[in-house]
Amino acid sequence: MGKEVFFFVKLEQKKQIVEALRDQFARSKVVIVTDYKGLNVTAINELRKKLKEAGIEYRVAKNTLFIRAAEDTQIALIKEHFKGPNAVAMAYDDPVAPAKILTAFSEQNNKLEIKGGILEGKVIGIPDIKALAALPAKEVLLAQLLGVIHGVPTALVRALNDVPVRLLNVLNAIQREKEAAA
């Protein structure tokens, strides 16, 4: 009888984990699957800390739980990655941040392997994740966009201002010619 209760509790815990993962998968803009085999506890904690500071969740679970949680979500497209010791990084706001952090960390520590991921419903491979990591930060992109938006009206005002200035120069030249002729 004691084993039955233990089994029931364990099953309920697994169901809760699957539901939590499914909710996180559904809310995520990007999910990146990594293989952490060979990383020591210190390295994993360092990685988790960097990801947490950026507002990214990094979850480790059994592959069967990941696969069950992926059902009926966009993550089902990459369930073949759930083999071996896996962890997933999930970002809800900035899809570039996990790619930057994981790519930089994997370059410093070759035991972390990036397997692939999902970006807003589309499957992305390692080259796509590296391309994401190469993008400037969101704030930089917004500043560049603001500069472009600000530059267009400024150029228009200068172009419109140039017409009367040229007309005035032509009129002044005509006036000087008439004064010189008189």
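- Without hydrogens or angle criteria, K115 side chain to K83 main chain gives a donor-acceptor distance under 3.5 Å.
- A donor-acceptor pair is defined here as one N or O able to donate and one able to accept, closer than 3.5 Å; such a pair exists between the side chain of D128 and the backbone of G125.
- Between the S106 side chain and the T103 main chain, a donor and an acceptor come within less than 3.5 Å of each other.
- Considering CD of E179 and CD1 of I174, their distance stands at 12.5 Å, rounded to 0.5 Å.
- Put simply, V33 and V60 are part of two different groups of oily side chains (I, L, V, M, F, W, Y) that touch within less than 4.5 Å, one to the next.
- Atom NE2 of H81 sits about 10.0 Å away from atom CD of E113, to the nearest 0.5 Å.
- V88 and I101 sit in two unconnected hydrophobic clusters of ILVMFWY residues. Membership requires side-chain heavy atoms under 4.5 Å apart, directly or through other members.
- A pairwise comparison of heavy atoms in V30 and P98 identifies CG1-CG, 3.5 Å as the closest pair.
- Using a 4.5 Å cut-off between side-chain heavy atoms of Ile, Leu, Val, Met, Phe, Trp and Tyr, with links allowed through other members, L135 and L51 fall into the same hydrophobic cluster.
- Without hydrogens or angle criteria, N86 side chain to A61 main chain gives no donor-acceptor distance under 3.5 Å.
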message = side-chain contact (heavy atoms from CB on, under 4.5 Å) for R176 and N172? Distances and angles first, verdict last.
response = CA-CA 6 Å; R176 280 192 296 269; N172 283 337; 3.9 Å; yes
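- Scored by the salt bridge (Lys or Arg N to Asp or Glu O under 4.0 Å) test, E19 finds R22 as partners (sequence neighbours excluded).
- The heavy-atom pair separating L132 from A99 by the smallest distance is CB-CB, 3.7 Å.
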key: side-chain contact (heavy atoms from CB on, under 4.5 Å) evaluation trace for F25 with M90   = CA-CA 7 Å; F25 286 162; M90 297 170 282; 3.6 Å; yes
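- Placement of F66 and L102 in two distinct hydrophobic clusters is found when ILVMFWY residues are connected by side-chain heavy-atom separations under 4.5 Å, directly or transitively.
- Distance check, rounded to the nearest 0.5 Å: CZ of R48 to CD of E57 gives 10.5 Å.
- Q74 contributes atom CD, which lies 12.0 Å from atom NZ of K29 (distance to the nearest 0.5 angstrom).
- In this view, Y58 and T34 satisfy the side chain to side chain donor-acceptor pair (under 3.5 Å) rule, not counting sequence neighbours.
- Atoms CD1 and CG, on I67 and L21 in that order, are 12.0 Å from each other to the nearest 0.5 Å.
- The CG atom of D93 sits 10.0 Å away from atom OG of S28, with the distance rounded to the nearest 0.5 Å.
- The only member of I129, I78, V31, I118 that meets side chain to side chain contact (heavy atoms under 4.5 Å, CB included) when paired with I124 is I129.
- Using a 4.5 Å heavy-atom threshold, the side chains of I17 and R59 count as touching.
- Heavy atoms from other residues, nucleotides or ligands lying under 6.0 Å from NZ of K100 number more than 12.
- With hydrophobic clusters built from ILVMFWY side chains whose heavy atoms lie under 4.5 angstrom apart, I32 does not share a cluster with F82.
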